[in-house]
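This is a predicted model, so every value here is computed, not measured.
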Amino acid sequence: YFIFSIFFILFSCQSPKEIKELDLVEIPNSYATGFAVFQGEGFKVVEVRQAFPDKHPPFRYLVKEIPDLKLDETGFDAVISLPISKVVLTSTTQVPHLDYLGVSEVLMGFPNLDLISSPQTRKLIDAGKVTDLGSGAQANIEKIIELDPEWVMISTLGEDLKNLEILKSAKIPAILNGEYVEQHPLGRAEWIKFTGVLLGKSKEANTVFSQIQSDYNQASDLVKELPENKPKVMAGVMYKDIWYVPGADSWGARLLEAAGGDYLFKDQKGTGSAQLSYECGLEKALQADCWMRAADFKTLEEMENADPRYKHFDAFKQGNVYTYTQKKGVTGGLEYFELGYLRPDLILRDLIKILYPDLLPEYSLYFYTKLDEK
């Protein structure tokens, strides 16, 4: 831990706002770099350093652990007082945080409820306790204001950033979540600590993350001593003649590497999706042993119908094509896109099971499924 005094300056498009000097203890993260937590006497300060890929000044939030605590609150992007009983979320990846922290019932609003797979949350939805904010890319801001939550967590992947000033005017704390910017799988999982602070559940969040970290590292240890001839792995699919594959520095590519796969697009640098021509994809991956992340196709036939050129790849010919669609919610949401960020240990075990089945003889695939496997 590092004890120091921080002179916080919050930059904005107008004049800078100062946050008075505070004595804080940093609670260091193990993997996540996009946020930091500082402990004060009766309060915490959360700093979001990477809310989205572009460079920006940090966003800072004051979390008062003692409700009547007297502090200078000027200069913070939001002030939250514990305890918390009602929140709004805007991304499915945020929903498991509530489940794992044992507070599913605090969710009161979400855009497009059909996307949620969580059994605990679906019970609350069926009981009419969660309001549908709309099915568009942007949550219904009027409904959010009407619900009057104690805070709203906004994913910067969507269009909700433009609602920040509206929510601020309505005196509703809006918290930016940039978990998807993290590229280490355990870095994304560690954002449960971020949510834990905002809910007054830091101890529980630390326990959850420690277990996930332990399970992930145990799985990765299984493939540390492998033969040089690793299985050749391809990934991605085509859209309108463009092949979209995970960049070599991306979350998906790092999981393939951790699982002991020889990722055939590892020369495509970047943390997002690389775009290749069909010819380039064919040249690199024609003889791949295994095809991962083949979108949400249900069968090989459906895949071939979508683009007959898929049938030229060895992995397709041999039937070694896998998708992440095994677990779906009752309304069609894919659990992979909900729980996957928090549970990279499960994804890693799936990948190891596929590439090296003898290493996990008793394990059954959780997220992934083989196309056309009976």
Side-chain angles (χ1 to χ4, degrees), residues 6-20 22 24 26-27 32 34-40 42-52 56-91 94 97-98 101 103 106-110 133 138-139 141-179 181 191-202 205:
I6 296 180
F7 185 65
F8 281 143
I9 299 178
L10 176 65
F11 295 95
S12 68
C13 53
Q14 291 90 33
S15 58
K17 296 179 181 178
E18 295 182 357
I19 296 175
K20 77 178 236 182
L22 299 169
L24 300 169
E26 181 173 5
I27 306 173
F35 76 94
V37 178
F38 304 90
Q39 181 69 61
F43 67 95
K44 285 185 174 72
V45 172
V46 185
E47 180 178 273
V48 176
R49 295 170 172 172
Q50 200 69 59
F52 37 83
H56 62 80
F59 295 89
R60 297 190 177 100
Y61 310 114
L62 173 63
V63 181
K64 297 167 69 175
E65 297 167 315
I66 301 172
D68 298 326
L69 189 67
K70 301 300 181 185
L71 284 173
D72 183 354
E73 299 176 3
T74 58
F76 288 100
D77 291 280
V79 178
I80 294 167
S81 293
L82 301 180
I84 298 298
S85 61
K86 51 182 186 175
V87 305
V88 165
L89 304 179
T90 59
S91 169
Q94 300 160 5
H97 289 193
L98 303 187
L101 296 175
V103 289
V106 303
L107 180 63
M108 61 184 313
F110 187 87
L133 301 176
Q138 181 182 1
I141 189 67
E142 292 180 4
K143 286 186 179 177
I144 292 177
I145 294 172
E146 187 179 319
L147 289 173
D148 192 28
E150 287 158 304
W151 53 255
V152 180
M153 185 174 286
I154 292 177
S155 169
T156 60
L157 267 174
E159 300 176 8
D160 293 326
L161 271 175
K162 60 187 178 185
N163 290 331
L164 283 179
E165 287 304 315
I166 300 174
L167 291 169
K168 187 175 182 180
S169 298
K171 297 186 173 7
I172 296 175
I175 311 300
L176 297 185
N177 181 316
E179 62 189 350
V181 185
W191 276 74
I192 193 172
K193 294 181 180 179
F194 175 78
T195 308
V197 172
L198 301 173
L199 292 168
K201 295 286 183 179
S202 289

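Scored by the side-chain hydrogen bond (donor to acceptor under 3.5 Å, both in side chains) test, Ser202 finds no partners at all (sequence neighbours excluded). For Ala32, the side chain to side chain contact (heavy atoms under 4.5 Å, CB included) criterion is met by Asn29, Phe35, Glu182, Glu190, Trp191, not counting sequence neighbours. Every residue meeting the side chain to side chain contact (heavy atoms under 4.5 Å, CB included) condition with Pro173, not counting sequence neighbours, appears here in chain and number order: Ala78, Ile80, Trp151. Shown here are the side-chain hydrogen bond (donor to acceptor under 3.5 Å, both in side chains) partners of Gln94, two or more places apart in sequence or in another chain: there are none. Here Gln39 pairs with Lys44, Glu65 under the side-chain hydrogen bond (donor to acceptor under 3.5 Å, both in side chains) rule; sequence neighbours left out. Listed by chain and residue number, Leu62, Lys64, Val79 satisfy the side chain to side chain contact (heavy atoms under 4.5 Å, CB included) test with Glu73 (two or more places apart in sequence, or in another chain).
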Between His97 and Glu179, is the side chain to side chain contact (heavy atoms under 4.5 Å, CB included) condition met? List the steps. CA-CA 12 Å; His97 289 193; Glu179 62 189 350; 4.0 Å; yes

Side chain to side chain contact (heavy atoms under 4.5 Å, CB included) between Tyr61 and Val197, worked out: CA-CA 10 Å; Tyr61 310 114; Val197 172; over 6 Å; no

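For the atom pair Asp68 CG and Lys70 NZ, the distance stands at 6.5 Å (nearest 0.5 Å). In this structure, CG in Leu133 is found 8.5 Å from CZ in Phe110, a value given to the nearest 0.5 Å. Within the model, atoms CD1 of Ile84 and OG1 of Thr195 stand 12.0 Å from one another, a figure rounded to the nearest 0.5 Å. Rounded to the nearest 0.5 Å, atoms CE (Met108) and CG (Asp148) are 7.5 Å apart. Here the CD1 atom belonging to Ile144 is positioned 7.0 Å from the CD1 atom belonging to Ile154, to the nearest 0.5 angstrom. We find the CZ-CD1 distance between Phe43 and Ile66 to be 10.0 Å, quoted to the nearest 0.5 Å.
Side-chain N or O atoms of Ser155 include none that pairs as donor or acceptor with a backbone N or O of Ser91 at under 3.5 Å.
Looking at heavy atoms from C-beta onward, Phe76 lies in side-chain contact with Val45 at the 4.5 angstrom threshold.
In terms of heavy atoms, Leu176 sits closest to Phe194 at O-CZ, 3.4 Å. The minimum heavy-atom distance between Leu198 and Leu82, with the atom names listed, is O-CD2, 3.6 Å. Nearest approach of Glu26 to Ala36, heavy atoms of both residues: OE2-CB, 4.2 Å. Across every non-hydrogen atom of Ile172 and Val152, the tightest pair is CG2-CG2, 3.7 Å. Heavy atoms only, all atoms of each residue included: Met153 and Asn177 are closest at SD-ND2, 3.3 Å. Annotation for Ala174 and Leu164: closest pair CB-CD2, 3.6 Å, computed over non-hydrogen atoms.
The residues Glu47 and Arg60 are annotated as salt-bridged, a charged nitrogen and a carboxylate oxygen being separated by less than 4.0 angstrom.
Phe52 and His56 have tilted rings, their planes meeting at an angle from 30° to 60° on a 0 to 90° scale.
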